[in-house]
Amino acid sequence: MNPGRQVETGLLREESFVFTKADLALLFVAFLWGASFTVIKDAYREIPAVPFVGMRFVLAGLSMVPFLIWNHHSLPRTRMAWTGALAIGGLGVAGYQVLFSLGLQYTTASKSTLIVATSPLFTALVVALLGIARPQINQIYGMLVALAGVALLTLGDASLSSLPERDALLGDLLTLGAAMATGSGVALAERYLAGADGATIMSVAVIVGSALIQPFAWRQMVAFPWRQVSLLAWLEMLYAAFVAGSLGYILWYRNIPRIGAVRASLYGFLIPVVGVVTAIVALGDRLTSVQALGALLVLLGIAAARGWFGLLFGRGKA
């Protein structure tokens, strides 16, 4: 057996897989991010989406400053790298968070986490449109399957005859726009950030994104009666800003280089699973049979697009 081939495709073989501290960190972050959909949705009972996202990223942006000062030696050195960092901050943080936050106000946490999970498919699409790489056949098929799943999730209980259902459809479409935004940001980053330190770049991006969010959220954030917010809602805010936000970004992007992007992406696959289970248990979310089929298609489409079936059975590349 070719040893190189063994390491490349044998993700589930004992000789090529050793569970490390980096694996543990990414597994931890996957659970943090999966649960964050439910935490934020629950906080919306007291804090509307716009003031919430504004305050969340004031806190997250400020918390990234000490990390950035400590790691100043890893700051981008070239105009191209700064362009990539600004692209992630504008699309992947500000654009994503505004659309995601507005969408989650109208849709369920379970549907939101599944729709957001399609963002890597839009990364592949934008990468192809920019001429960075040609899409592989499994990516094309996977995207079509996942988007069919999103359609079933969105329309499985939607009829445009009532306002609440219109709101749910609007929430799903805004969330799909969030997935497109963050997927596009990652694609631009792939073009401009080769060799850059991921954790430092994300710190810059969060600070940039936080600044870009404020013109949108500032007026409502300042006018909101924060003194009336309960302790629970404040704890949910702090979780979203510091735990799932700053800590999650740093742990995720600091540990990806230690185990490789392919293996890290497998932990990313857990995020929608954790998100749906958490929403069902904590919020009482329910999926119709059509939506459950849509959820399955989303997960299968993502797996196919990333080439995981070939990896698990020792054939092909992710």
Side-chain angles (χ1 to χ4, degrees), residues 33-60 91-119 150 153-182 209-210 212-226 228-230 232-241 243-245 271-272 274-276 278-288 291 294-295:
W33 284 351
S36 68
F37 291 83
T38 293
V39 171
I40 294 171
K41 182 69 173 180
D42 189 65
Y44 282 0
R45 293 184 305 165
E46 297 186 38
I47 310 172
V50 176
F52 185 93
V53 71
M55 180 60 75
R56 178 189 178 190
F57 276 88
V58 165
L59 298 173
L91 284 171
V93 178
Y96 165 73
Q97 289 295 339
V98 168
L99 292 170
F100 159 74
S101 300
L102 292 174
L104 185 59
Q105 191 166 21
Y106 297 112
T107 191
T108 64
S110 54
K111 287 202 290 180
S112 179
T113 187
L114 287 163
I115 295 172
V116 167
T118 64
S119 63
V150 170
L153 277 171
T154 301
L155 301 175
D157 65 348
S159 166
L160 297 181
S161 61
S162 69
L163 182 59
E165 289 167 344
R166 288 196 194 99
D167 287 348
L169 179 57
L170 173 62
D172 294 341
L173 293 176
L174 287 169
T175 306
L176 186 61
M180 293 178 181
T182 190
S210 299
L212 294 174
I213 287 171
Q214 296 317 308
F216 165 78
W218 183 259
R219 181 175 296 180
Q220 291 189 45
M221 184 179 71
V222 172
F224 186 75
W226 293 102
Q228 299 177 13
V229 175
S230 70
L232 175 60
W234 271 115
L235 290 175
E236 291 169 331
M237 170 72 77
L238 296 177
Y239 178 92
V243 182
I271 296 171
V274 173
V276 170
T278 306
I280 290 174
V281 172
L283 299 179
D285 278 10
R286 293 291 180 266
L287 296 176
T288 66
Q291 290 173 324

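We count residues from 1, following the sequence as given. Treat the numbers as computed from the prediction; the structure is a model and nothing was measured.
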Mind checking side-chain contact (heavy atoms from CB on, under 4.5 Å) for [X] and listing every partner two or more places apart, or none if nothing turns up?
X: T38; value: A109, T278, A279, A282, L283
X: S210; value: F57, V206
X: V150; value: I115, T118, T154, L176, V298
X: T182; value: Y96, S119

- Test side chain to side chain contact (heavy atoms under 4.5 Å, CB included) applied to V50 and L102, step by step: CA-CA 7 Å; V50 176; L102 292 174; 3.9 Å; yes

- Query: With sequence neighbours left out, what residues match F52 under ring-ring contact (aromatic ring centres under 6.0 Å, His included)?
  - Reply: Y44

- Note on the structure: ring-ring contact (aromatic ring centres under 6.0 Å, His included) filter on F224, not counting sequence neighbours, yields W226

- Message: Give me each pair satisfying side chain to side chain donor-acceptor pair (under 3.5 Å) with a member in residues 45-57, each pair once, sequence neighbours excluded.
- Response: D42-R45, E46-S230, R56-Q97

Residue pair [X] / [Y]: nearest heavy atoms and the distance that separates them:
X: D285; Y: I280; value: O-CG1, 3.4 Å
X: L153; Y: Q291; value: O-NE2, 3.1 Å
X: T107; Y: K41; value: O-NZ, 2.7 Å
X: A181; Y: G95; value: CB-C, 4.1 Å
X: G54; Y: A217; value: CA-CB, 3.7 Å
X: I213; Y: A94; value: CG1-CA, 3.8 Å

Output the distance between atom [atom1] ([X]) and atom [atom2] ([Y]), rounded to the nearest 0.5 Å.
X: Y239; Y: L232; atom1: OH; atom2: CG; answer: 13.5 Å
X: F37; Y: T108; atom1: CZ; atom2: OG1; answer: 11.0 Å
X: I271; Y: L114; atom1: CD1; atom2: CG; answer: 12.0 Å
X: Q214; Y: M55; atom1: CD; atom2: CE; answer: 9.0 Å

- Task: Before giving the answer on side chain to side chain contact (heavy atoms under 4.5 Å, CB included), spell out for V58 and M221 the whole-Å C-alpha distance, their side-chain angles and the decisive distance to 0.1 Å.
- Result: CA-CA 10 Å; V58 165; M221 184 179 71; 4.0 Å; yes

- Take T175 and L104, measure what side chain to side chain contact (heavy atoms under 4.5 Å, CB included) needs, and give me the verdict at the end. CA-CA 7 Å; T175 306; L104 185 59; 5.8 Å; no

- Item | Exam field: side chain K111 to backbone L287, donor-acceptor pair closer than 3.5 Å | no

